[in-house]
Amino acid sequence: MIKYIGSKRTLVPRIVEIARRLPKRRRGSRAAPTACDLFAGTTRVSQGLKQAGFRVTANDVASYGEVLATAYIEADSRRVRKKALAAKIAHLNTLPGRDGYVTRTFCEEARYFQPFNGRRIDAVRDEIDGLADGRVERAILLTSLLEAADRVDSTTGLQMAYLKAWAPRSFNALELRMPELLAGGGRALRSDANALAGEMDEVDVAYIDPPYNQHSYHSNYHIWETLVRHDSPPSYGIARKREDCRAVKSAYNSKARAWDAFAHLIRNVRARHLIVSFNDEGYFARGDIAALLESVCGEVATIPVVGRRYVGAQIGIFNPSGKKVGRVSHLTNHEFIFVAGPGAKRLTKSVGAE
Ligand SMILES: C[S@@+](CC[C@H](N)C(=O)[O-])C[C@H]1O[C@@H](n2cnc3c(N)ncnc32)[C@H](O)[C@@H]1O
């Protein structure tokens, strides 16, 4: 799985346990419960829900989010032609490197990958669209490439900067591996969550984990966006971001617009229960979120969880010449899981609700 700020890696078991305990509408004894992850990112939470037997729709506005969701949520490992895929991955691993956009932009103009790996990324990316048999296979091969590139990058997990000295892992050779696909069906979407909320079929549980401050995922993960789109856009600044990073902003990254977007989403989303993640570094106050959820869903429980801040905060603050210049104010953040809908309080008591 790629490094991703705001990823709910450590919270997945808790979120899944809550979702499992919430009462479901009866649709016949064999029908699977349904869930929609509206801001799916890495799809970690979607994967947990899929493994727990939910039929999951994983949505994100990012192109790389759709690719990850197609590979991990939409693809059913029992139907994938694994031998053929393994042969294609082996073939991609033998391709000689080739100078291209990634080498030039992200290895010479910037230093996200060592040039020998950048050339391999260029060669593999050029090959994938012609090699893949259909949309799902393309997504699996792209996921394999994203994860391989992530294992040899030279960042702290964000693509707004690269490390001054090469990260030790960047010296390793790029190696594509078969993603660990899951059994079962699901759906991948690339929509604005607010547009999707009112249009989707009602689900048992909607999981809502929007961006919580001004930092745009489109900018923070511009390399993954470019690798998936394969569109060689003009780039700018030391970070060599895609030109459209100046314009593409989520409403959730704007202090002025975020609350209205969130309130609109909560009022419109078609789900019996909502599970909402937020942390104390975000724009919204805990009490405001709880009050909104209570007014819309009738009942809300809050589960506090302490998390570690992203790896950059763990490392410290440095000036451009690599000297440590400041102290990070805190290394932990306080995350909250809100559960809203009928019976939320009673059901979540045993998982630490307040
Ligand atoms: C906090 S992250 C979600 C992390 C995810 N739960 C995980 O564990 O990987 C927020 C996600 O929202 C996406 N996003 C931002 N604005 C959006 C919008 N309006 N509609 C849908 N997705 C959006 C971002 O691309 C990002 O992946």
Before accepting this row, confirm whether a basic side-chain N of the pair [X]/[Y] lies closer than 4.0 Å to the acidic partner's carboxylate O.
X    : Y    : answer
R187 : D201 : no
D99  : R119 : yes
D122 : R104 : no
R14  : E17  : no
R138 : D129 : yes
R81  : D133 : yes

Evaluate D204 against L22 for side chain to side chain contact (heavy atoms under 4.5 Å, CB included), listing each step before the verdict. CA-CA 8 Å; D204 291 307; L22 292 168; over 6 Å; no
Nearest-0.5 Å distance that lies between atom [atom1] in [X] and atom [atom2] in [Y]:
X    : Y    : atom1 : atom2 : result
L11  : I337 : CG    : CD1   : 5.0 Å
I275 : F338 : CD1   : CZ    : 13.0 Å
L85  : M178 : CG    : CE    : 4.5 Å
I15  : D37  : CD1   : CG    : 8.5 Å
R120 : Q114 : CZ    : CD    : 13.5 Å
I140 : I128 : CD1   : CD1   : 11.5 Å

Less than 6.0 angstrom separating the ring centers of [X] and [Y], yes or no?
X    : Y    : value
H222 : F106 : yes
Y4   : Y221 : yes
Y162 : Y112 : yes

Should E147 and I2 be marked as a side chain to side chain contact (heavy atoms under 4.5 Å, CB included) after you check the CA-CA gap, both sets of side-chain angles, and the distance that decides it?
-> CA-CA 6 Å; E147 293 180 351; I2 56 168; 4.3 Å; yes
When you look at [atom1] of [X], are more than 12 heavy atoms from neighbouring residues, nucleotides or ligands closer to it than 6.0 Å?
X    : atom1 : result
R9   : CZ    : no
R79  : CZ    : no
R190 : CZ    : yes

*Under 3.5 Å side-chain donor-acceptor pair for T105 and R240*: no
**Prompt:** Can you tell me if Q47 and T43 form a side-chain donor-acceptor pair at under 3.5 Å?
**Reply:** yes
### Message
Angle between ring planes, F284 versus F262, binned at 30° and 60°: parallel, tilted or perpendicular?
### Response
tilted
Any chain of hydrophobic side-chain contacts (each under 4.5 Å) joining L189 to L182? no
Check: So, do Y283 and S254 sit near enough that their side-chain heavy atoms are less than 4.5 Å apart?
Finding: no
| request: Report yes if some heavy atom in the side chain of L181 is under 4.5 Å from a heavy atom in the side chain of K82; otherwise report no. | output: no
**OP:** Using the side chain to side chain contact (heavy atoms under 4.5 Å, CB included) rule, take H273 and V203 through it: C-alpha gap first, then chi angles, then the decisive distance, then the call.
**Re:** CA-CA 8 Å; H273 288 98; V203 289; over 6 Å; no
Q) Between D150 and W224, does a side chain to side chain contact (heavy atoms under 4.5 Å, CB included) hold up when you go through it step by step? A) CA-CA 9 Å; D150 187 63; W224 299 158; 3.6 Å; yes
